[in-house]
Student: 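Dropping a structure here in structure tokens format, bear with me for questions.
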Amino acid sequence: MSERIIIFDTTLRDGEQSPGASMNAGEKLHLALQLEKLGVDVIEAGFPAASEGDFEAVRSIAQKVRHTRIAGLARASKEDIDRAWGAIKEAAHPRIHTFLASSDIHLKYKLKMTREEVINRTVESVRYARSLTDDVEFSTEDGSRSDWDYICRVFEAAIEAGATTINLPDTVGYALPDEFGQMVKYVKDHVPNIHRAVISVHCHNDLGLATANTLAGINAGARQAEVTINGNGERAGNTSLEEIVMALHTRRQYLHLETGIVTQEIYPSSRLVRMITGIPVQPNKAIVGANAFAHEAGIHQDGMLKNPMTYEIMDPEAIGLLHSSLVLGKHSGRHAFKDRLEKMGHSLPEEEINRLFVRFKELADKKKEIVEEDLESMLADELFRTPEIIRLEYLNVISGTVAVPTATVILSIDGEKKQSAGFGVGPIDATYNTIAKMVGTTSRLGRFSVSAITGGMDAQGEVTVRLEENGWTVMGRGTDPDIITAAAKAYVDGLNRLEYRKKHPKLSEHL
Ligand code: KIV
Ligand code: ZN
């Protein structure tokens, strides 16, 4: 009999702490619903005390997600715990996740507290959280750099106060697999009441060891793994969900462990996170990278043709990576379009379908074969659009080997049409200079990335930009078969998000 590992997904909380990861409340809810479909056991929806925006986003997820457990993060204080509870109390299955540092470095320099004071605060906080709900997780921040006997005392006190899950984080990604596994075993063997709680591990990837450390923790007795899609997260990121789940799945005969993950939803979830956050996935990323199932060497290709098992340890279909199939073309009608969206899991109101159908027809005029990825990208463009103060109405760009790159742009700004032209060192620079001048923005372009949504010469280009202004960072995204138009749409999307951010200063930094 295989034992079950609880998958605790923190893409919406630690994952959102990735530099430049930006999700608004609608995007967070959409992702939470996808995580539910993916079959994660716990969704850490956010840190409600961080901002009004985080609170509202967590609340809306707690109201709408009905099957999966929803966790809200809180520092070990009554105010934070009240805020977290306020946001998650309407969830069908709420969990308060509270944390306090346990390493001497953090106690001395950050908390300025003694070891005894930390234990007292742990007990007070866990006890208070437990008075609100039966499901309380307690984490010792910087756990892996803490004294082992001391951390055992903290965990024992937390469990005595009512914690049902105790989490050992490698907050700074410092641990080595063998050492981390031994630490988990030490906790299991030396905390007298450990049988009353689930042991969890939460690893960061600063040394590229997050997955190895998490597996070592599981081997030593942890039964909850804290993970994020694509490994997004603070600094070098967190343990990636897809790596842990597929390691447990692929080596199940060796490990005798299982998860409740619907593995076929892994790739769609990864694509959704990439699309929403604008954070690209490195091509050689395990499981979900573009090259993860690509075989280049002739000898490998030959083996693959004879039998895929020669060089492929996982079936790409097991993670939901189906070869892009032609789904619709320019003669497809509204009924077929609606039907396909429904098969992809999107039941939308009629007016939304009508708007999307107009876009679909425009795209089908330019691109012969419309595949699922095109539809998904169109959906993301439409569904996650920030209220448009600035709209791109017209763009004409001249460039080439001899011409000075020139852009003519018509924008509608607050309903008023404006026209201008400008130059740049290239066509995108000319477009951006012209738009920036017309809007009068002082924002800085922090990142610009472009990729093709599908293969083929007529593939749509997808551009994501990161804009920075007044200490805020926002992402902008645009798709179009014309890459300059995609770049212009991404820039305008980013500018709209900045405008929205200025009008709602209480929202989270991560919008
Ligand atoms: O890395 C960390 O220590 C955390 C805790 C809040 C669990 O994210
Ligand atoms: Zn973390």
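Atoms within each ligand, like the ligands themselves, are counted from 1 in listed order.
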Student: Look at the aromatic rings of Y432 and Y491 and report parallel, tilted or perpendicular, splitting at 30° and 60°.
Tutor: parallel
Student: Would you call the rings of H204 and H202 parallel, tilted or perpendicular, taking 30° and 60° as the class edges?
Tutor: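 If you compare the ring of H204 with that of H202, the planes turn out tilted.
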Student: Indicate yes or no: at least one non-hydrogen side-chain atom of L248 is less than 4.5 angstrom from one of E258.
Tutor: no
Student: What's the NE2-the Zn ion (ligand 2)-OD2 angle here (H204, D14), rounded to 10 degrees?
Tutor: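 That angle works out to 100° after rounding to 10°.
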Student: Please find the N/O/S atom of H202 nearest to the Zn ion (ligand 2) and write down its name.
Tutor: NE2
Student: Under the side chain to side chain contact (heavy atoms under 4.5 Å, CB included) test against R477, which residue among V465, T464, T277 passes?
Tutor: T464
Student: Enter the distance from T68:OG1 to K37:NZ here, rounded to the nearest 0.5 Å.
Tutor: 13.0 Å
Student: Give the residue, atom name and distance (to 0.1 Å) of the protein heavy atom nearest atom 4 (C) of ligand 1.
Tutor: H202 NE2, 3.5 Å
Student: How far is atom 5 (C) of ligand 1 from its nearest protein heavy atom, and which residue and atom is that?
Tutor: R13 NH2, 4.0 Å
Student: Please work out, at 4.0 Å between heavy atoms, whether the side chain, the backbone, both, or neither of H204 comes within that distance of ligand 1.
Tutor: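 Side chain only.
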Student: To which protein heavy atom is atom 3 (O) of ligand 1 closest, and what is the distance rounded to 0.1 Å?
Tutor: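 Answer for atom 3 (O) of ligand 1: T171 OG1, 2.6 Å.
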Student: Under 4.0 Å from any heavy atom of S139, which atoms of ligand 1 are there?
Tutor: 7 (C)
Student: Consider every N or O of E226 and every N or O of ligand 1, then say whether any pair is closer than 3.5 Å.
Tutor: no
Student: Give the atom numbers and elements of ligand 1 that come within less than 4.0 Å of a heavy atom of D14.
Tutor: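 Once the distances to D14 are compared, the set is 8 (O).
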Student: Kindly indicate whether the side chain of E468, heavy atoms from C-beta on, has any atom under 4.5 Å from the side chain of S443.
Tutor: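 They are not in side-chain contact.
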Student: Quick one: which ligand 1 atoms are inside 4.0 Å of a heavy atom on E141?
Tutor: 3 (O)
Student: Salt bridge (Lys or Arg N to Asp or Glu O under 4.0 Å) with K28: which of E44, E16, E56?
Tutor: E16
